[in-house]
Amino acid sequence: FQYINELPAARESYQNTDIMGRLEIPNLNINSWVTRASNNEFYLDNNLWKQYDALGVPFFDYRNYNLNTDRQINIYGHNTLNEKYFDKLPFINLEAYTDKGIFDNYNDIYLSIDERQIHYEIIAVKIITEQDNEHMKIVFYSDDDFLQHTAKLLQNTLYRNSNIELSKEDRLIVLQVCHYNPPDTYLLVIGKEKRM
């Protein structure tokens, strides 16, 4: 298919040059613009118009400077237990991946950036505490460094597609959302770029 970049129109519409991508998980009702600021705090409580909003919007890790070539892209979004905000926080739908049936059957992630649309296949779901922050490592100094990281990242997963091995050529996406069962944890959805 021919990729049409919709990001310039979105930036103009919201008057916001921080809009750097669009994340889609078709079967989970996730279709969201993704921002990137110069830190990982701003979009925790600002909206696409850069106005204060406690709900925030999904955002890339500020260290993901080159979305087209980075070996791992991290995207963060909010969760809530307050039902009246469920339809306003797309990352809530990631909770569905704690169900093995959903994990096994709905494993396509699409990320549109300026250069192209990237198709990822979900390979693992993981619940972590704040102490387990291997997924926050996104700068790698060698192939070995990257492979050691992926081995640690894929330890202690809730579910894992054991048919998929990772190599030094692979690129990952990590989606992170707060998780409440158990309390004070995070849910990670980890995907690998599908090669054409």
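Since the model is a prediction, treat every value here as computed from it, not as a measurement. Along the sequence shown, the residues carry numbers beginning at 1.
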Check: Side chains of Tyr3 and Glu115: donor-acceptor distance under 3.5 Å anywhere?
Finding: no
Margin query: Is there a continuous path of hydrophobic side-chain contacts, each under 4.5 Å between heavy atoms, that joins Tyr65 to Tyr62?
Written below: no
Check: Just how far is it from atom CD1 of Ile164 to atom CD1 of Ile123, taken to the nearest 0.5 Å?
Finding: 6.0 Å
Note to self: Nearest 0.5 Å, please: how far is CG in Leu187 from SG in Cys178?
What the structure shows: 10.0 Å
Notebook entry, point to check: At their closest point, which heavy atom of Ser112 faces which heavy atom of Glu24, and how far apart are they?
Noted result: OG-OE2, 4.0 Å
Notebook entry, point to check: Take atom CG in Asn29; do more than 12 heavy atoms of anything else shown fall under 6.0 Å from it?
Noted result: no
Item checked: Spatial distance of atom NZ (Lys137) from atom CZ (Arg71) [nearest 0.5 Å] -> 11.0 Å
Check: Distance only, no hydrogens: is a donor on one side chain within 3.5 Å (strictly under) of an acceptor on the other, for Asn64 and Asp70?
Finding: yes
Checklist line | Donor-acceptor contact below 3.5 Å, side chain Thr35 vs main chain Pro58 | finding: yes
Margin query: Between Asn46 and Asp53, is the side-chain contact (heavy atoms from CB on, under 4.5 Å) condition met? List the steps.
Written below: CA-CA 5 Å; Asn46 281 278; Asp53 183 340; 6.0 Å; no
Margin query: Are Leu166 and Leu153 linked, directly or through intermediate hydrophobic residues, by side-chain heavy-atom contacts shorter than 4.5 Å (ILVMFWY only)?
Written below: yes
Margin query: Checking side-chain polar atoms at under 3.5 Å, does Tyr43 have a donor or acceptor matched by the opposite partner on Asp18?
Written below: yes
Note to self: Can you confirm whether Trp33 sits close enough to Leu48 that some side-chain heavy atom of one is under 4.5 Å from a side-chain heavy atom of the other?
What the structure shows: yes
Check: Just by distance, do the side chain of Tyr97 and the backbone of Tyr106 share a donor-acceptor pair under 3.5 Å?
Finding: yes
Next item on the list: Taking the side chain as every heavy atom from C-beta outward, state whether Lys192 and Arg171 have any atom pair closer than 4.5 Å.
Entry: no
Next item on the list: Flag yes if Phe42 and Met136 sit in one hydrophobic cluster, no otherwise; membership is Ile, Leu, Val, Met, Phe, Trp, Tyr, and two members link when side-chain heavy atoms are under 4.5 Å apart.
Entry: yes
Checklist line | Side-chain heavy atoms of Tyr186 within contact of Glu130, under 4.5 Å | finding: yes
Margin query: Under the rule for side-chain hydrogen bond (donor to acceptor under 3.5 Å, both in side chains), what residues qualify as partners of Asn74, not counting sequence neighbours?
Written below: Gln72, Tyr76
Notebook entry, point to check: Do the non-hydrogen side-chain atoms of Leu94 and Ile25 ever get within less than 4.5 Å of each other?
Noted result: yes
Item checked: In one Ile/Leu/Val/Met/Phe/Trp/Tyr side-chain cluster, 4.5 Å: Ile109, Val57 -> no
Note to self: Within this structure, what is the NE2-CD distance for the pair His78 and Gln176, rounded to the nearest 0.5 Å?
What the structure shows: 11.0 Å
Item checked: Any Met20 side-chain heavy atom under 4.5 Å of Val34 side chain -> no
Notebook entry, point to check: Distance-only, no hydrogens or angles: does the Gln15 side chain make a donor-acceptor pair with backbone N or O of Glu12 under 3.5 Å?
Noted result: yes
Check: Is it true that the side chains of Ser142 and Asp145 contain a donor and an acceptor less than 3.5 Å apart?
Finding: no
Notebook entry, point to check: Considering residues at least two apart in sequence or located in another chain, which fulfil the salt bridge (charged side-chain N to carboxylate O under 4.0 Å, His left out) criterion with Arg36?
Noted result: none
Item checked: Test log, rule side-chain contact (heavy atoms from CB on, under 4.5 Å), inputs Ile138 and Arg63 -> CA-CA 8 Å; Ile138 60 175; Arg63 298 167 298 165; 3.6 Å; yes
Next item on the list: Give me the one residue out of Ile73, Ile190, Val189 that meets side chain to side chain contact (heavy atoms under 4.5 Å, CB included) with Leu175.
Entry: Val189
Margin query: Within a 6.0 Å radius of atom CG on Asp87, are there more than 12 heavy atoms belonging to other residues, nucleotides or ligands?
Written below: yes
Note to self: How close do Lys88 and Leu55 get, counting heavy atoms only, and between which atoms?
What the structure shows: CB-CD1, 3.7 Å
Item checked: Contact check, side chains of Leu89 and Phe91, non-hydrogen atoms, under 4.5 Å -> no
Notebook entry, point to check: Do you reckon Phe59 sits in the same ILVMFWY cluster as Ile75, going by side-chain contacts under 4.5 Å, direct or chained?
Noted result: no
Notebook entry, point to check: Which pairs with one or both residues in residues 143-185 pass ring-ring contact (aromatic ring centres under 6.0 Å, His included), sequence neighbours excluded?
Noted result: Phe103-Tyr159, Phe140-Phe146, Phe140-His149
Notebook entry, point to check: Would Glu95 and Asn79 count as having a side-chain donor-acceptor pair, cut-off 3.5 Å?
Noted result: yes
Item checked: N/O donor-acceptor pair under 3.5 Å between Asp132 side chain and Ile128 backbone -> no
Next item on the list: Spell out, as yes or no, whether a donor-acceptor pair under 3.5 Å connects the side chain of Asp99 to the backbone of Ile102.
Entry: yes
Check: Nearest 0.5 Å, what's the CG-OG1 distance between Leu7 and Thr17?
Finding: 12.0 Å
Notebook entry, point to check: Is the backbone N or O of Asn5 less than 3.5 Å from a side-chain atom of Arg116, with the two atoms forming a donor-acceptor pair by type?
Noted result: no
Note to self: Can you tell me how far apart OG1 (Thr150) and CD (Gln155) are? Round to the nearest 0.5 Å.
What the structure shows: 10.0 Å
Notebook entry, point to check: Do Asn161 and Asp104 touch side chain to side chain, with heavy atoms closer than 4.5 Å?
Noted result: no
Check: Looking only at heavy atoms, what is the nearest atom pair of Gln117 and Tyr110, with distance?
Finding: OE1-CD2, 3.6 Å
Checklist line | Donor-acceptor contact below 3.5 Å, side chain Asn93 vs main chain Leu28 | finding: yes
Next item on the list: Work out which heavy atom in Thr80 is nearest to a heavy atom in Phe86; give both atom names and the distance.
Entry: O-CE1, 3.4 Å
Checklist line | Considering all heavy atoms, the nearest Asp170-Glu165 contact | finding: OD2-O, 3.8 Å
Notebook entry, point to check: Do you know which two heavy atoms are closest between Ile173 and Leu111, and how far apart they sit?
Noted result: CD1-CD2, 4.2 Å
